[in-house]
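The structure under discussion appears below in the form of structure tokens.
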2 protein chains.
Amino acid sequence: MDKNDSKRGRGGCPVLAFQRMVSGKYKIRILWDLKDGARRYGEIRSGLLRGGDGSAAIAPRVLSRELKALAQFGLIQRKDYGTVPPKVDYRLTPMGKSFVPVIDAIRKWGHRHLTAA
Amino acid sequence: MDKNDSKRGRGGCPVLAFQRMVSGKYKIRILWDLKDGARRYGEIRSGLLRGGDGSAAIAPRVLSRELKALAQFGLIQRKDYGTVPPKVDYRLTPMGKSFVPVIDAIRKWGHRHLTAA
DNA sequence: CGGGATCCCGATAGATACTG
DNA sequence: CAGTATCTATCGGGATCCCG
């Protein structure tokens, strides 16, 4: 991988690039969770439990990888406060914020067609 | 799975339902390909080559599974003409058509942010 | 022509244990 | 608290052959 993977998908259709970018079970929901501002690792982790099946917690390895991938695509930014105990938070970049309306479109459609009574 | 999986995802967030619905590499692009009307199996197959890496053709088993899944979710409808040689085509249902604008939002965003010069 | 059946493989996610 | 290391189970996708 070179240093700016944020501009991958060139030449192909935008949908393919989108698919790769949000691949994985949690990326879209993480982005949505960050739409109101920065959140800490543990907050994101807890937030992902609501809305799922509620049974199992997400494995730290998985969440970590999702966050790294999102950061690499330039959608979120990691901020390490370097304190002890450690504090790290994640926030949307401008590019990430520009993606929020798309998620909103998805959410609205899903709400209308996918949620039973 | 029971017989009406088209209304799954109740209770959870719409994004999860969306993710399950369009999981796989081709589903969104198939839907997009059908936005202008019905297409035959082979046409869809060929259409998926453009925009990809162009190297390999999609395995019939994979395409078949994607189409079945989309039909099961109620997004497309399969029409078998029962002739010989066989002719089958697929078209969007009203629900599938309602999803097109969402794909368009994805496409537009991807075009603006993901495609390099 | 439009698939189904079978085998294989890489990527991904879950569980568990450990650490700066 | 915010991760990393390891291991394993599962899944989605590709290749190939075959059939109505």
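We name chains A, B, ... by the order of the sequence lines, and we start the count at 1 in each one. Side-chain atoms are counted along with the backbone in the values below, which use heavy atoms only and exclude waters and symmetry mates.
Closest to the side chain of Pro60(B), out of dG3(C), dG3(D), dA15(D), is dG3(C). Counting only heavy atoms from C-beta on, Ile58(A) has its side chain closest to dG14(C) among dT4(D), dG14(C), dA2(D). Listed nucleotides: dA13(C), dA15(C), dG3(D). Nearest to the side chain of Tyr90(A): dG3(D).
Between the side chain of Arg45(B) and the main chain of Ile58(B), a donor-acceptor pair closer than 3.5 Å is present. Tyr26(B) contributes no side-chain N or O that, together with a main-chain N or O of Val62(B), makes up a donor-acceptor pair within less than 3.5 Å. Formation of a donor-acceptor pair under 3.5 Å by the Ser64(A) side chain with backbone atoms of Pro60(A) is not found in this model. Panel note: side chain Thr93(B), backbone Gln77(B); no donor-acceptor pair is recorded below 3.5 Å.
The salt bridge (Lys or Arg N to Asp or Glu O under 4.0 Å) pairs that include a residue from residues 83-98 of chain B are Asp89(B)-Arg91(B), where partners are two or more places apart or lie in different chains.
Counting distance only, with no hydrogens placed and no angle test, the side-chain atoms of Arg45(B) and the base atoms of dG2(C) include no donor-acceptor pair under 3.5 Å. Put simply, the side chain of Arg61(B) and the base of dG14(D) share a donor and an acceptor less than 3.5 Å apart.
Between Asp104(A) and Lys108(A), at least one side-chain N (NZ, or NE/NH1/NH2) sits under 4.0 Å from a carboxylate O, which counts as a salt bridge.
Across its full length, the helix from dC1(C)-dG20(D) to dG20(C)-dC1(D) shows an angle of 50° between the axes of its 5 terminal pairs at either end, rounded to 10 degrees.
Counting any heavy atom pair closer than 4.0 Å across all strands shown, Tyr81(B) reaches no nucleic acid atom.
Mapping Ala59(B) and Pro85(A) onto DNA chain D by nearest heavy atom places Pro85(A) at the nucleotide closer to the 5' end.
Look at Lys68(A) and you won't find any side-chain N or O under 4.0 angstrom from OP1 or OP2 of dG3(D). Remark: Arg65(B) is in phosphate contact with dG13(D), judged by side-chain N or O atoms under 4.0 Å from OP1 or OP2. When the side-chain nitrogen and oxygen atoms of Tyr26(B) are compared with OP1 and OP2 of dG14(D), one or more of them lie within a distance under 4.0 Å. For the pair Ser64(A) and dT4(D), the criterion of a side-chain N or O lying under 4.0 Å from OP1 or OP2 is met.
Taking the side chain as every heavy atom from C-beta outward, His111(A) and Trp109(A) never approach each other to under 4.5 Å.
Distance Lys87(B) NZ to dC1(C) C1': 12 Å, rounded to the nearest Å. Distance Leu67(A) CG to dG3(D) P: 7 Å, rounded to the nearest Å. Atom CD in Glu43(A) sits roughly 11 Å away from atom P in dC1(D) (whole-Å rounding). Atom pair Arg40(B):CZ and dG3(C):P shows a separation of 10 Å (rounding to whole Å applied). Residue Tyr41(A) contributes atom OH, which lies 10 Å from atom C1' of dC1(D) at whole-angstrom precision. If you take CG of Leu70(B) and P of dG12(D), they are 14 Å apart, rounded to a whole angstrom. We find that CG of Leu48(B) is positioned 10 Å from P of dG14(D), with the value rounded to whole Å. One atom, CG of Asp89(A), and another, C1' of dC1(D), lie 13 Å apart when rounded to the nearest Å.
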- Task: May I have the step-by-step check of salt bridge (Lys or Arg N to Asp or Glu O under 4.0 Å) for Arg78(A) and Asp80(A), ending in yes or no?
- Result: CA-CA 7 Å; Arg78(A) 190 187 121 110; Asp80(A) 192 331; 2.9 Å; yes
